[in-house]
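FYI, side chains are in, hydrogens and waters are out, and symmetry mates aren't considered; it's all heavy atoms of this structure. Predicted model only: the values in this text are computed from it and were never measured.
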Amino acid sequence: MIKQLKPSALSAQIEDMVEWLASYGLEQSGGVTRLLYDQAWSSAQKAIQAKIEQLGLTARYDDVGNLFGRLAGKDPEAKVILTGSHIDTVTGGGKYDGAFGIVASLLAVEYLLTHHGQPLKPIEIVSLCEEEGSRFPLTYWGSGNITGVKDRDTVHNVKDVNGISLEQAMRDAGFGSGLHSPPERTDLECFIELHIEQGEVLEREGKSIGIVSHIVGQRRYNITVYGESNHAGTTPMQWRQDAMFTAAEMIRLLTHRAKADMSGLVATVGHMEVKPNVGNVIAREVTFSLDVRHSDAGTIEQFCETCFREFETIAAEHGTRVMYHKWMDEPPVAMDHTLNEAAEDILRREGISYKRMTSGAGHDSQIFGTYCPTALLFVPSRGGISHSPAEFTHTEDLQRGVLLLIDLLYKLAY
């Protein structure tokens, strides 16, 4: 189906469009910063809108700032095949995260319209307004509003670090006043997201495409150990109630348990606060973060329960006590088996190597995945680096992703 497309021409288009979109929010460091409703974000959305209209598609926004480009279908009763990703970035992020999914969708729909005309079912490109949580303490604002998971009634007190409310930023960007259509959709047949892996599995294993079976569940805690402050020089070791030593043993235990688990579970301690945090005083209080992820909710539960039982024993041995605050518990989300089978059929036919895998990072697909059939497809990331100016994917890999998307959209909509 895609034999008419010259690879060299597609490669040049991909490279040009990645650089074009990165120019909105590009910094001297090479990083890209587009935060929800800021000037770079607005400029990028307007540029994509112009591109959509240039292709002959119908562009529209919803009232939270998601941008859609519609290629109408012949069947007026058919539901929408939706494809795209998020336009926002982390601060100083890379050129590909989110943006590539939008670029790929634009190129795929342009090809289909040029070579095959109007589809049977409507296809829509979406540039989702927010996924990263970089400006405001929320995530998946774009996909969450489309699926009804998020709504404006819950964000009245949400502000950025400068004290600007989400509501004010939304209005300043031209949204949130009822001028555009409500964001929640009931007309979606499926959602297809093409994304960089943001890990190094595909590169290490020499695979061109990742077909995601599940997006992992995430459970996050703040764990606090309470001991007693005392003099570092005059308190014998055997009489100490050292919160730092207790916390260190806990962290060592959970890390070794995670490494021994061969099912793909990961556990991370990335943040620690110590009181009084003085070099010659025994710590009286230590709080550390815990992030546990796996594609099976039961595995996460069992790991946490086992570790916490042993934490109690460790705390008692050192005359300390421990408390837990769970502040995130997101279940794993399965991607659609039928869509994945369709993608695999294409890859086998074209002789392109691929891997069935789980996603250890969260994506808009996990929000859509509980709402409509969803596929999340990965292309490799060099060195697994992401959220960084060093984020990079070879053009050949990007091209394979676009070609897969073209074929998959053709199979679904024509």
Ignoring hydrogens and angles, write down the donor-acceptor pairs under 3.5 Å from the side chains of residues 274-281, residues two or more places apart or on other chains.
none

Mind checking the [atom1]-[atom2] spacing from [X] to [Y]? Nearest 0.5 Å is all I need.
| X | Y | atom1 | atom2 | result |
| --- | --- | --- | --- | --- |
| M244 | I282 | CE | CD1 | 12.0 Å |
| T268 | I251 | OG1 | CD1 | 11.5 Å |
| I123 | L412 | CD1 | CG | 8.5 Å |
| D97 | Q198 | CG | CD | 4.0 Å |
| D75 | Q118 | CG | CD | 10.5 Å |

Full working for side-chain contact (heavy atoms from CB on, under 4.5 Å) between V379 and L202: CA-CA 8 Å; V379 293; L202 293 175; 5.8 Å; no
If the condition is ring-ring contact (aromatic ring centres under 6.0 Å, His included), which residues does [X] pass it with, not counting sequence neighbours?
| X | value |
| --- | --- |
| Y354 | none |
| H363 | H195, F378 |
| H271 | none |
| Y140 | none |

Could you walk me through whether T89 and E132 pass the side-chain contact (heavy atoms from CB on, under 4.5 Å) test, one step at a time? CA-CA 6 Å; T89 71; E132 297 284 6; 5.5 Å; no
Aromatic ring centroids of F100 and Y96 under 6.0 Å? no
Contact summary for [X] and [Y], nearest pair of heavy atoms:
| X | Y | value |
| --- | --- | --- |
| C129 | G142 | SG-CA, 3.5 Å |
| F191 | V126 | CE1-CG1, 4.0 Å |
| S127 | I87 | OG-CB, 3.3 Å |
| L67 | Q49 | CD2-N, 3.5 Å |

Closer than 4.0 angstrom, basic N to acidic O: yes or no for D63 and R152? yes
Would E301 and R219 pass as an ion pair if we require N to O under 4.0 Å? yes
Among all residues two or more places apart in sequence or in another chain, which pass the side-chain contact (heavy atoms from CB on, under 4.5 Å) test with E205? V201, K207, K355
For T320 and T246, test the side chains for any donor-to-acceptor distance below 3.5 angstrom and give the result as yes or no. yes
Going by distance alone, is a donor N or O of one side chain under 3.5 Å from an acceptor N or O of the other, for D88 and H86? yes
Side-chain donor/acceptor of E197 to backbone N/O of G210, under 3.5 Å: no
For the backbone of G360 and the side chain of R293, can you confirm whether one donor and one acceptor N or O come within less than 3.5 Å of each other? yes
Would you please test S43 and Q39 for side chain to side chain donor-acceptor pair (under 3.5 Å) and show each step? CA-CA 6 Å; S43 297; Q39 185 57 54; 3.2 Å; yes
For the pair T83 and L408, evaluate side-chain contact (heavy atoms from CB on, under 4.5 Å) and give the outcome as yes or no after the intermediate values. CA-CA 11 Å; T83 181; L408 186 56; over 6 Å; no
